[in-house]
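Quantities reported herein were computed from a predicted structural model and do not represent experimental measurements. For the numbers below, each heavy atom of this structure counts, side chains included, while hydrogens, waters and symmetry mates do not.
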Amino acid sequence: MSNARWEALMEKAFQKASYEALQELFVSNLSKHAAEGGRGNMIRRYRELSVRFHPDKHMKKEADAVAQYQIAFQALNEARSMVLQQDFV
């Protein structure tokens, strides 16, 4: 999946605050980075995404937006755990 396509799907899932969709997208993206560059590359990508979606970075926004970031951050952390448990990493 291209980066532009991933970003578009991520935006839709984020706006809907869909935990399952966000988690699936995070798993696919982190797995892709792990396959391309190993565990270190996947962890680097996780850190980039965690800064982008961390709820504390968005506390000045409306409560609904903060809730979306909390859901996204939880989905990201669960996705990271899932990818780390896979055999190829």
Side-chain angles (χ1 to χ4, degrees):
M1 175 180 324
S2 72
N3 286 340
R5 176 79 175 133
W6 185 84
E7 288 290 340
L9 291 171
M10 178 59 68
E11 184 62 30
K12 286 180 184 178
F14 181 77
Q15 292 303 321
K16 291 180 182 180
S18 171
Y19 181 87
E20 292 81 14
L22 287 165
Q23 183 182 31
E24 183 180 324
L25 288 166
F26 284 134
V27 166
S28 71
N29 192 261
L30 293 175
S31 295
K32 174 185 156 193
H33 280 81
E36 290 174 356
R39 182 184 181 116
N41 195 38
M42 187 278 297
I43 291 172
R44 223 173 351 274
R45 180 62 176 160
Y46 164 76
R47 288 180 181 154
E48 291 170 2
L49 292 170
S50 68
V51 168
R52 179 175 166 187
F53 290 102
H54 199 286
D56 290 350
K57 291 257 187 202
H58 305 281
M59 292 305 286
K60 293 182 181 178
K61 295 183 178 180
E62 294 181 19
D64 290 344
V66 173
Q68 287 174 309
Y69 283 101
Q70 289 172 335
I71 291 169
F73 193 69
Q74 290 171 352
L76 173 60
N77 284 321
E78 182 65 27
R80 180 186 61 105
S81 295
M82 292 169 67
V83 172
L84 287 173
Q85 291 175 2
Q86 292 176 355
D87 292 334
F88 66 87
V89 176

Under the 3.5 angstrom rule, does the side chain of Ser50 hit a backbone N or O of Arg47 as a donor-acceptor pair?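 Confirmed, Ser50 side chain pairs with Arg47 backbone.
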Using 0.5 Å steps for rounding, measure from the [atom1] atom of [X] to the [atom2] atom of [Y].
X     : Y     : atom1 : atom2 : result
Lys32 : Asn41 : NZ    : CG    : 10.0 Å
Glu48 : Ile43 : CD    : CD1   : 12.5 Å
Leu76 : Arg80 : CG    : CZ    : 8.0 Å
Glu36 : Ser31 : CD    : OG    : 11.0 Å
Glu62 : Gln68 : CD    : CD    : 10.0 Å
Gln23 : Asn77 : CD    : CG    : 10.5 Å

Would you say the side chain of Met42 lies within less than 4.5 Å of the side chain of Leu84, judging by non-hydrogen atoms?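 Side chain of Leu84 against side chain of Met42, heavy atoms only: contact under 4.5 Å found.
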Heavy atoms only: give me the nearest Leu25-Ala13 pair and the separation to one decimal.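 Shortest heavy-atom separation between Leu25 and Ala13 comes out as CD1-CB, 4.0 Å.
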Using the ring pair (Phe, Tyr, Trp, His ring centres under 6.0 Å) rule, collect all pairs that involve residues 33-56, keeping only residues at least two apart or in two chains.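 Applying ring pair (Phe, Tyr, Trp, His ring centres under 6.0 Å) to every pair that reaches into residues 33-56, excluding sequence neighbours, yields Phe14-Phe53, Phe26-Phe53, His54-Phe73.
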Test of understanding: clusters of I, L, V, M, F, W, Y form through side-chain heavy atoms closer than 4.5 Å, transitively. Do Trp6 and Met82 belong to the same one?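 In one cluster: yes.
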Hphob cluster co-occupancy, Leu9 + Val83, side-chain heavy atoms under 4.5 angstrom: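 Yes, because Leu9 and Val83 connect within a single hydrophobic cluster, where side-chain heavy atoms sit under 4.5 Å apart.
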If you draw a 6.0 Å radius around CD in Glu24, do more than 12 non-hydrogen atoms from other residues or ligands fall strictly inside?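 Counting other residues, nucleotides and ligands, CD of Glu24 stays at 12 neighbours or fewer.
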Less than 3.5 Å apart, any donor N or O on the side chain of Glu11 or Gln15 sitting next to an acceptor on the other?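 Yes, side-chain donor-acceptor contact under 3.5 Å.
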